[in-house]
Amino acid sequence: MSNKIKFLRIVTGLLVLLVGLYLTNTEERYFLFDATPEPVAEVAKVAKAVDPKQLACMAKNIFYEANGEPLNGQAAVARVVMNRVSHGFGSNPCNVIYQATYIDKSNEYGDIYKAKLCQFSWVCENKGEPNKNNPGYIKAKAIAYDVMAHDAYEDVVPKSTLFFHNLHVDPLWPYKQVAKIGNHIFYSKQKKSKNTQKTVVANENKI
């Protein structure tokens, strides 16, 4: 009986040895014994389809409102437009950019007339098509595409940012300032704190 056990042990040992030699020279060895994980491929972001008309509106707005501003300043103007779309100002960038309201105003003779107020000043100034070969416009169009296709520059200003104006004007808006980039100040619709409002009033009284 002991001879049979010895024989089985020898046979088993030979089989283990043969299997080991086989696996040493085959890919199965790595499959069974290599614990190194396979590299995970990065998932490429798929660009959203961009309507050429909407792209043109956005590029024109960036060009006329922020040409010459730093990259983030131009991108912030584009993000304001997209934020306004999200907040229901308009169903798309073109509707937001060309949005206008009419108010009653009187002239020096007391005559009442309808005055057009535009969300973006260049619209009321009736500026035409920019030169498409202008480097500033080419840059504006590239920024517009990145924002619309890839949702780029989303951290430049908060998603609540809906307004901005040039440093050369002071509309005394009651909104909360969220960023200053280049020559523009950006605001959310959140109201200023009471302390801030008091400071503004105090400064007005000094003028």
Side-chain angles (χ1 to χ4, degrees), residues 48-108 111-154 156-190:
K48 299 176 185 175
V50 177
D51 183 343
K53 178 183 176 181
Q54 302 302 322
L55 178 62
C57 286
M58 184 74 91
K60 195 186 301 185
N61 193 55
I62 296 171
F63 177 74
Y64 282 132
E65 289 289 340
N67 185 35
E69 291 293 301
L71 174 62
N72 281 352
Q74 296 188 46
V77 169
R79 295 307 318 186
V80 166
V81 173
M82 299 306 292
N83 289 346
R84 286 189 169 203
V85 172
S86 299
H87 283 77
F89 281 65
S91 59
N92 55 55
C94 288
N95 288 345
V96 165
I97 292 166
Y98 286 97
Q99 185 182 36
T101 55
Y102 293 85
I103 62 171
D104 290 333
K105 294 191 73 173
S106 60
N107 58 24
E108 57 183 319
D111 299 322
I112 303 298
Y113 68 97
K114 293 288 184 182
K116 183 180 181 180
L117 298 179
C118 298
Q119 298 297 313
F120 299 94
S121 58
W122 67 268
V123 175
C124 276
E125 293 168 1
N126 295 316
K127 290 189 176 180
E129 292 294 319
N131 180 355
K132 301 299 190 298
N133 296 318
N134 185 311
Y137 179 81
I138 294 173
K139 180 179 179 180
K141 188 174 182 180
I143 294 171
Y145 180 82
D146 284 342
V147 169
M148 299 175 72
H150 301 288
D151 200 25
Y153 308 106
E154 59 182 339
V156 171
V157 289
K159 293 185 182 298
S160 59
T161 307
L162 301 174
F163 311 98
F164 69 90
H165 66 75
N166 194 284
L167 293 176
H168 298 116
V169 299
D170 186 0
L172 298 177
W173 288 337
Y175 308 130
K176 180 181 178 181
Q177 180 178 328
V178 295
K180 177 183 176 296
I181 307 174
N183 290 311
H184 289 117
I185 299 176
F186 296 83
Y187 299 82
S188 71
K189 200 170 184 179
Q190 182 181 353

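Since this is a predicted model, take the numbers as computed values, not measurements.
Residues Gln190 and Ser160 fail the side-chain proximity criterion, which asks for heavy atoms closer than 4.5 Å. In this structure the side chain of Met82 reaches within 4.5 angstrom of the side chain of Met58, judged on heavy atoms. Residues Tyr102 and Leu117 have side chains not in contact (no heavy-atom distance under 4.5 Å, counting atoms from C-beta outward). Residues Phe163 and Val80 form no side-chain contact, since every pair of their non-hydrogen atoms from C-beta on lies 4.5 Å or further apart.
For residues 48-85, the ring pair (Phe, Tyr, Trp, His ring centres under 6.0 Å) pairs, not counting sequence neighbours, are Tyr64-Trp122. Within the structure, salt bridge (charged side-chain N to carboxylate O under 4.0 Å, His left out) contacts touching residues 65-81 (residues at least two apart or in different chains) are Arg79-Asp151.
Annotation: the span from His184 atom NE2 to Asn166 atom CG amounts to 4.5 Å, rounded to 0.5 Å. A distance of 13.0 Å separates CG in Asn134 from NZ in Lys141, rounded to the nearest 0.5 Å. Considering CD1 of Ile138 and CG of Asn133, their distance stands at 6.0 Å, rounded to 0.5 Å. Separating the CZ atom in Arg84 from the CG atom in Asn92 is a distance of 14.0 Å, to the nearest 0.5 Å.
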Between Glu154 and Lys159, does a side-chain contact (heavy atoms from CB on, under 4.5 Å) hold up when you go through it step by step? CA-CA 8 Å; Glu154 59 182 339; Lys159 293 185 182 298; 3.8 Å; yes
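Closest approach of Ile112 and Ser106 over heavy atoms only: CD1-CB, 3.7 Å. Counting all heavy atoms, side chain and backbone alike, Phe186 lies closest to Gly73 at CZ-O, 4.2 Å. Here the shortest heavy-atom pairing between Ala78 and Val147 reads CB-CG2, 4.0 Å.
The closest donor-acceptor contact from the side chain of Asn83 to the backbone of Pro158 lies under 3.5 Å. Panel note: side chain Gln99, backbone Phe89; a donor-acceptor pair is recorded below 3.5 Å.
Taking the centre and axis of the six-membered ring of Tyr113, the NZ or CZ atom of Lys105 falls outside the cone set by 45° and 6.0 Å.
In this model, a donor atom of one side chain and an acceptor atom of the other lie less than 3.5 Å apart for Tyr187 and His165.
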